[in-house]
**Student:** 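Following this message is one structure expressed as structure tokens.
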Number of protein chains: 2
Amino acid sequence: MKICGSIWIEGKKTTYMGVGRMLLLEKINKSGSISEAAKKMKMSYKKAWELVDGMNNESKKPLVIRVSGGKGGGGTIVTKEGMAALKQFKKILTDFHKFCDKKTKVLK
Amino acid sequence: MKICGSIWIEGKKTTYMGVGRMLLLEKINKSGSISEAAKKMKMSYKKAWELVDGMNNESKKPLVIRVSGGKGGGGTIVTKEGMAALKQFKKILTDFHKFCDKKTKVLK
DNA sequence: TTCCGTTATTTTTTAGTGTATATAACGGTA
DNA sequence: TACCGTTATATACACTAAAAAATAACGGAA
């Protein structure tokens, strides 16, 4: 028996940040491309684009900046705000895992 | 912005206890019937039966006892162990809600 | 024996969600 | 201008998960 769970940050209309979005942002940050990140995630480009678009809409300042056309066809970079959001959520996530582990020990 | 989440107790093969199962058990306890509880939950009987069956399988001692046929067609009662499991999970749930509220306040 | 309402099980239908596919738009570079 | 690889967008398809529906099994009571 083990306590499991999931946690996320809810915005006005949709989810602002969650585990999937976190992993996606990290891969965008590494590759500089939504399409590349989507491949790594084994996720359709459309799905990845929707997640990114949703996050940007929920945030005052965009978490990523997307460029279409130009050198190399364009690309996507994670902004300072995006990196901060990542850090913030990771902290919440580790605390949540601690919470679950603690509750699991009490369980039996 | 608000921290949201869900939490449950995972057994060996499937979920042992969660919010849906908790509500279902409570309604079975009131009505003495899976089919009646399923109606209240606006859930198909099959789904309710599968949840109940799964819980019983995950537990050493059954959380409910089911009787098919007989007076009134049969029925289902929640055992002492079932009530204890309910109480245990409710405690975890309220602590989890506190956790989320606390994290939401820190959020900004 | 027949009736009743429940549990138990199988099959069919439906709804929703993600994927695949195709196409357009973009804008710097050669 | 033509090319390139990306972002952006629409449409059609596939698949899964849930619900709905239909049927069987059960066992006490009349």
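Every heavy atom of this structure was used, including side-chain atoms; hydrogens, water molecules and symmetry mates were not. Chain letters run A, B, ... following the sequence lines, proteins first, then strands; residues in each count from 1.
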**Student:** Whole Å only: how far is the NZ atom of A/K71 from the C1' atom of C/dA30?
**Tutor:**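 Result: 14 Å.
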**Student:** State, to 0.1 Å, how close B/G18 and B/T15 come at their nearest heavy-atom pair, and which atoms those are.
**Tutor:**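 Distance-wise, the nearest heavy atoms are N-CG2, 4.4 Å.
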**Student:** State which residues pass side chain to side chain donor-acceptor pair (under 3.5 Å) with A/E81; sequence neighbours excluded, sorted by chain then number.
**Tutor:**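 Expected list: A/T79.
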**Student:** Can you find a side chain N or O atom of A/K47 that sits less than 4.0 Å from OP1 or OP2 on C/dG18?
**Tutor:**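 So the side chain of A/K47 is within the cut-off, an N or O lying under 4.0 Å from OP1 or OP2 of C/dG18.
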**Student:** Search all heavy atoms of B/A37 against all heavy atoms of B/L24 and return the closest pair with its distance.
**Tutor:**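 That closest heavy-atom pairing would be CB-CD1, 4.0 Å.
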**Student:** Take nucleotides 2-10 of chain D nucleotide by nucleotide from the 5' end and write B, S or -, depending on whether a protein heavy atom sits under 4.0 Å from the base, only from the sugar-phosphate, or from neither.
**Tutor:** ---BBBBB-
**Student:** Rounded to whole angstroms, how far apart are CD on B/E50 and P on C/dA8?
**Tutor:**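 Atom-to-atom, B/E50 to C/dA8, this comes out as 12 Å.
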**Student:** Taking side chain to side chain donor-acceptor pair (under 3.5 Å) as the cut-off, I'd like each qualifying pair that reaches into residues 30-40 of chain B, sequence neighbours left out, listed once.
**Tutor:**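 Counting only pairs at least two positions apart or across chains, the side chain to side chain donor-acceptor pair (under 3.5 Å) contacts touching residues 30-40 of chain B are B/S33-B/S35.
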**Student:** Which residues in residues 4-27 of chain B have at least one heavy atom lying under 4.0 Å from any atom of DNA chain D?
**Tutor:**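 Result for residues 4-27 of chain B: none.
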**Student:** Please examine the side chains of A/M83 and A/N29, heavy atoms only from C-beta on, and report whether any two atoms are closer than 4.5 Å.
**Tutor:**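 Touching, per the 4.5 Å side-chain cut-off.
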**Student:** Name each donor-acceptor pair under 3.5 Å that joins a side chain in residues 41-49 of chain B to protein atoms two or more places apart or in another chain, with its distance.
**Tutor:**
| unit_1 | atom_1 | unit_2 | atom_2 | d |
| --- | --- | --- | --- | --- |
| B/S44 | OG | B/K47 | N | 3.2 |

**Student:** For A/K2, does its backbone N or O pair with a side-chain atom of A/T104 as donor and acceptor, under 3.5 Å?
**Tutor:**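 Side chain of A/T104 to backbone of A/K2, a donor-acceptor pair under 3.5 Å: no, none is there.
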**Student:** Strictly by salt bridge (charged side-chain N to carboxylate O under 4.0 Å, His left out), give each pair with a member in residues 82-94 of chain A just once, sequence neighbours left out.
**Tutor:**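 Those involving residues 82-94 of chain A are A/E26-A/K90, A/K91-A/D95.
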